[in-house]
Protein chains: 4
Amino acid sequence: MKIKTKKENRREQIIKAAEEVFSKKDFLNSTISDVAKQAGVSDATIYEYFTSKEELLFSIPRENIENSKNILEDHLVYIKGASNKLRGIIYHLLSYYQENSDFAAISLMILKTNRKFMETEIYNYLREYYQIIIKTIEEGIESGEFKKDISPHFVRSVILGTIEFIVVRWLMKGAPADKTKPVESVDALFDLIVDGIKLENNLRDFKCRIILEPQDAPGK
Amino acid sequence: MKIKTKKENRREQIIKAAEEVFSKKDFLNSTISDVAKQAGVSDATIYEYFTSKEELLFSIPRENIENSKNILEDHLVYIKGASNKLRGIIYHLLSYYQENSDFAAISLMILKTNRKFMETEIYNYLREYYQIIIKTIEEGIESGEFKKDISPHFVRSVILGTIEFIVVRWLMKGAPADKTKPVESVDALFDLIVDGIKLENNLRDFKCRIILEPQDAPGK
Amino acid sequence: MKIKTKKENRREQIIKAAEEVFSKKDFLNSTISDVAKQAGVSDATIYEYFTSKEELLFSIPRENIENSKNILEDHLVYIKGASNKLRGIIYHLLSYYQENSDFAAISLMILKTNRKFMETEIYNYLREYYQIIIKTIEEGIESGEFKKDISPHFVRSVILGTIEFIVVRWLMKGAPADKTKPVESVDALFDLIVDGIKLENNLRDFKCRIILEPQDAPGK
Amino acid sequence: MKIKTKKENRREQIIKAAEEVFSKKDFLNSTISDVAKQAGVSDATIYEYFTSKEELLFSIPRENIENSKNILEDHLVYIKGASNKLRGIIYHLLSYYQENSDFAAISLMILKTNRKFMETEIYNYLREYYQIIIKTIEEGIESGEFKKDISPHFVRSVILGTIEFIVVRWLMKGAPADKTKPVESVDALFDLIVDGIKLENNLRDFKCRIILEPQDAPGK
DNA sequence: AATGAATGAGGCTTCATTCAT
DNA sequence: CATGAATGAAGCCTCATTCAT
């Protein structure tokens with residue numbers, strides 16, 4: 001592991017503080033002063049490391065995304081089959097947000113709707129990250145696990161949309177103290193994505209009618 | 001139809017202006033002056049109709065929700081079967097956001113993460129509105145259209161999560177000018193929810209094993 | 001008694017309302033709206049009767065002063081002797097403030113320190129009113145009841161100063177609900193003004209020394 | 001003497017400016033901008049030292065009260081006898097207001113009728129200060145200088161009421177330019193308090209009649 | 001005579017940012 | 001490196017006052 005310089009440490013200390021502060025209030029309701037206080041430095045010091053409040057905000061996700069990506073890739077090599085991998089991905093995303101609720105709040109409640117952030121290099125990095133979902137679904141299509149006519153891109157939207165919806169709800173009411181954790185939804189989501197909600201339709205559609213005809217008496 | 005007083009008209013005019021302004025910038029980056037200018041009144045006039053900037057914000061969704069609810073209910077009476085209704089609901093939600101993109105932006109990018117709004121009466125009204133999804137799914141379970149072991153509440157999260165995800169993406173890049181409209185996702189979402197992504201799952205899962213046992217000779 | 005026109009009644013109704021409102025908050029913290037609400041008229045109506053908020057304020061004392069003056073004069077004719085009259089005056093001033101605490105608040109806490117009010121005709125009328133104290137003291141000096149070397153003007157300051165101090169204290173803490181009423185101070189004030197606080201001063205100051213010299217015998 | 005930090009100096013500079021500004025207009029008619037201009041700093045700077053306009057107002061009296069108290073105590077140790085001390089107190093109060101007319105204006109015309117100020121710690125300190133009057137009168141009663149049946153608390157009201165009345169009058173007309181200074185009233189007030197206004201009554205009540213009879217001529 | 005409706009003017013307060021030390 | 005100190009710019013909100021009806 002790379003040894004960090006003092007400067008880098010101070011930088012991360014400020015980012016950490018910003019993460020905590022921005023996640024509690026909004027971004028616009030948080031002040032540089034709040035962050036400085038939380039970091040134990042002066043307001044001015046923050047400007048030694050970041051040119052503006054916004055740059056500080058945009059600096060928060062990078063490390064988290066890298067971290068999340070590393071963990072996920074670590075796990076996926078252990079898993080075989082697109083379907084199994086997909087469950088692993090869903091589990092990881094829910095779990096990472098759950099365990100890093102400050103990052104989740106900033107990511108889902110601040111950055112997600114920030115147009116400037118979308119033009120950032122970090123945002124591209126995030127998109128790249130989510131390619132892993134698309135890749136997995138494509139893999140499943142090729143292997144015959146998944147239907148041919150589904151759009152991997154769209155399925156990714158369903159997965160991310162649902163996960164984000166669940167996590168935001170959780171954050172909005174007393175997370176992380178809340179008892180019902182996001183991770184608990186992993187199988188509900190996975191099953192629905194894979195199987196849908198329709199009742200075993202074949203059984204209904206293809207009623208089995210077996211007609212037994214009396215056999216002629218053999219000795220006829 | 002009820003005739004609106006001058007005062008009500010002016011009120012709606014301001015709400016409309018606020019809707020346009022807040023949806024372009026954030027709430028916090030929008031100013032009362034911006035809204036006043038857009039509405040063609042003075043700053044002070046806004047305070048004749050709303051006690052604070054926040055109250056103005058919270059006043060935006062009411063009419064939209066009522067409107068959306070009315071339209072949806074109108075349509076649903078024409079549709080039979082939980083599955084068909086579900087598609088109608090998905091279609092309507094995507095379509096209403098698409099046709100009212102300012103409201104969509106405010107609803108999904110501002111109010112959704114506003115804790116104070118969640119304590120509002122209007123928010124309760126919204127939750128009530130979404131009960132219709134849950135009711136429909138329950139109906140489908142009872143009628144045998146949907147599986148017994150799914151959670152209607154969770155399915156609602158998938159539907160709303162996906163829809164909101166799609167709409168936010170659309171809003172974030174030049175909507176409503178964007179060529180790919182949210183509504184186009186209606187069948188992808190409906191099919192996925194209903195059928196899942198797994199290939200012909202029933203045919204694989206329920207292998208048919210027919211055992212014919214020799215009948216005892218009748219004349220035994 | 002003069003019959004009041006509708007207009008005059010409305011005017012007085014507004015003044016009464018203003019008295020109540022201004023006495024509760026300050027003048028500057030009270031709004032025309034508050035007064036209008038209290039009076040049961042619209043804001044605009046107030047401007048039909050008064051050209052400005054300040055004119056409304058300055059209109060409050062007139063009637064009170066006239067009223068107070070009339071009552072006092074009524075009583076004084078029944079009293080003989082400067083000293084007795086003085087006690088009557090003190091009693092009346094304390095009592096009038098006590099019974100008209102809204103007027104007291106406006107008079108002592110708003111108008112007293114308002115430079116513009118001092119240039120008002122009404123203020124002159126008030127000064128004139130207080131001449132009665134000075135007159136009474138002069139009368140006492142002439143009659144030999146009071147010392148020759150006291151300044152009537154100054155004694156008036158002591159009387160008014162003390163009364164106003166007591167009334168303001170009373171107003172500042174929950175008057176008129178407060179149990180200790182201003183009027184209860186009447187004799188303490190009167191006695192102090194008349195007698196001072198020094199113990200039996202004359203008996204100590206004027207020691208009597210009588211020297212008798214023996215007379216020469218006449219028949220010497 | 002304690003060396004003041006830069007910050008303390010700046011604080012005092014602002015308080016001084018506020019004292020000058022608030023004493024000229026009212027509190028509510030004075031603006032933070034006025035104070036800032038007078039202090040030679042920006043509006044925002046004031047908020048680095050005081051959390052609100054009101055806190056700034058309430059910060060004005062503290063130093064003055066401390067100062068006034070110190071001076072008075074300094075002098076009182078040189079004076080013997082309750083009566084003499086009382087005169088010293090009256091002299092000092094008149095004199096301190098006279099020499100610090102801005103403070104006098106704020107104290108007597110703004111704070112005196114401010115209910116919130118009455119709940120302040122500083123206000124309690126002020127009440128404590130005025131205990132010295134009560135103590136002195138009690139001392140006089142015990143020593144036999146003053147009557148037994150007077151209320152020290154009430155006498156304090158007469159003294160403060162008169163002083164405040166006189167000072168306010170002085171402030172209301174062109175103080176401190178005015179030629180008649182508050183201090184000039186010291187003996188009038190002292191004498192009245194001590195002796196009252198009644199003509200030396202003993203001399204009237206006990207008329208001395210000395211009759212000299214002509215002596216018979218010795219050589220008759 | 002009364003008022004509903006509108007607003008210009010202005011004040012308090014906040015905060016990101018700068019810079020000399 | 002770090003920061004204490006200062007501020008320009010800006011926003012929300014209030015309210016006395018006006019005027020057409």
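Chain letters run A, B, ... following the sequence lines, proteins first, then strands; residues in each count from 1.
Separating the CD1 atom of C:I46 from the C1' atom of E:dA1 is a distance of 15 Å, rounded to the nearest angstrom. One interatomic measurement links the two molecules: CZ of B:R11 to C1' of E:dA5, which rounds to 16 Å at whole-angstrom precision. Protein atom CG of D:L57 is 15 Å distant from nucleotide atom C1' of E:dC12, rounded to whole Å. One atom, CG of B:D34, and another, P of F:dA10, lie 12 Å apart when rounded to the nearest Å. As rounded to whole Å, 14 Å separates atom C1' of E:dA9 from atom CG of D:N29. In this structure, D:L28 places its CG atom 12 Å from C1' of E:dC12, rounding to the nearest Å. When the C1' atom of F:dT7 is taken as reference, atom CD1 of A:I32 falls 16 Å away, rounded to whole Å.
Closest to the B:V41 side chain, of the nucleotides E:dA16, F:dG11, E:dT7, is E:dT7. When distances are taken from the side chain of C:D43 to each of E:dT13, F:dT17, E:dA16, the shortest belongs to F:dT17. The listed nucleotides are F:dG8, F:dC13, F:dT17; the one nearest the side chain of D:A44 is F:dG8. Closest contact between the side chain of A:E48 and the listed nucleotides E:dT17, F:dA2, F:dC12 involves F:dA2. The side chain of D:S42 lies closest to F:dG8 when the candidates are F:dG8, F:dT14, E:dA2. Looking at the side chain of C:T45, the nearest of the listed nucleotides E:dT7, E:dT3, F:dT3 is E:dT3. You'll find that the side chain of D:Y49 is closest to F:dA5, out of E:dT17, E:dT3, F:dA5.
Pairing of F:dT14, defined by two Watson-Crick or G-U wobble distances under 3.5 Å, is identified with E:dA9. Here F:dA5 sits opposite E:dT18 as a Watson-Crick or G-U wobble pair (both hydrogen-bonding atom distances under 3.5 Å).
In this structure, D:Y47 does not reach the E:dT14 phosphate: none of its side-chain N or O atoms is under 4.0 Å from OP1 or OP2.
Counting non-hydrogen atoms under 4.0 angstrom, C:S30 reaches the backbone sugars and phosphates but no base.
Test D:E55, D:E121, D:E12 against D:R62 for salt bridge (charged side-chain N to carboxylate O under 4.0 Å, His left out) and you get one pass: D:E121.
Remark: D:K53 qualifies as a cation-pi partner of D:F27 under the 6.0 Å distance and 45° angle criteria applied to the six-membered ring.
A salt bridge is defined here as a Lys NZ or Arg NE, NH1 or NH2 lying under 4.0 Å from an Asp or Glu carboxylate O, and D:D34 with D:K25 meets this definition. Note on D:K16 versus D:E19: salt bridge recorded, some NZ/NE/NH1/NH2 to OD/OE distance being below 4.0 Å.
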